Amino acid sequence: MIRKMNDICDRPVDGYELKINHFVNEIFYYIFHNVNLSKELSLKESRDLERMKDVMIYLY
């Protein structure tokens, strides 16, 4: 998906930003579904999760 985004940016057409946004959302979808969300997170995992939330909010 990152390669596809790079290709789109190399040859931008009208509305290319929407396609980039689509790929970013899809990447976060896969991350979300592949993260182990156990009830008891370690302190490091908890901090990492908070950072990921901040990144998602920033990108949104």
Side-chain angles (χ1 to χ4, degrees):
M1 282 183 254
I2 292 173
R3 285 186 192 133
K4 288 179 182 180
M5 290 190 297
N6 192 38
D7 290 343
I8 290 169
C9 289
D10 286 343
R11 293 175 305 246
V13 296
D14 290 340
Y16 78 98
E17 298 93 342
L18 295 171
K19 196 66 172 172
I20 297 296
N21 190 12
H22 163 77
F23 285 121
V24 170
N25 287 328
E26 195 166 348
I27 289 169
F28 280 113
Y29 169 83
Y30 288 119
I31 290 171
F32 176 78
H33 282 282
N34 289 295
V35 171
N36 183 9
L37 296 175
S38 64
K39 291 194 182 252
E40 295 182 25
L41 296 174
S42 70
L43 183 58
K44 181 188 180 311
E45 290 170 328
S46 180
R47 275 188 259 141
D48 290 346
L49 187 57
E50 286 301 316
R51 287 184 188 135
M52 184 61 70
K53 286 179 184 177
D54 290 342
V55 169
M56 291 176 74
I57 289 169
Y58 174 78
L59 289 173
Y60 179 73

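Bear in mind the structure is a predicted one, so any value in this text is a computation, not a measurement. Just the heavy atoms: all of them, side chains too, but no hydrogens, waters or symmetry mates, feed the values below.
- Annotation: side chain to side chain contact (heavy atoms under 4.5 Å, CB included) contacts of Val55 (sequence neighbours excluded): Phe28, Leu59.
- The shortest heavy-atom contact between Ile31 and Met52 is CG2-CE, 4.3 Å.
- Using a 4.0 Å cut-off between charged side-chain N and carboxylate O, Lys53 and Glu50 make a salt bridge.
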Query raised in the report: Given the rule in the side-chain contact (heavy atoms from CB on, under 4.5 Å) test, do His22 and Ile8 qualify, once you have shown the distances and angles that lead to the verdict?
Result: CA-CA 12 Å; His22 163 77; Ile8 290 169; over 6 Å; no

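- Qualifying side chain to side chain contact (heavy atoms under 4.5 Å, CB included) partners for Leu18, counting only residues two or more places apart in sequence or in other chains: none.
- In this structure Tyr30 satisfies the side chain to side chain contact (heavy atoms under 4.5 Å, CB included) test together with Met1, Glu26, Asn34, sequence neighbours excluded.
- Residues meeting the side-chain hydrogen bond (donor to acceptor under 3.5 Å, both in side chains) test with Asp48, sequence neighbours left out: Lys44, Arg51.
- For Tyr29, the ring-ring contact (aromatic ring centres under 6.0 Å, His included) test picks out His33, with sequence neighbours left out.
- Transitive grouping of hydrophobic side chains (ILVMFWY, heavy atoms separated by less than 4.5 Å) brings Ile2 and Ile20 into a common cluster.
- Note on residues 5-21: pairs passing side-chain hydrogen bond (donor to acceptor under 3.5 Å, both in side chains), not counting sequence neighbours, are Asn21-Asn25.
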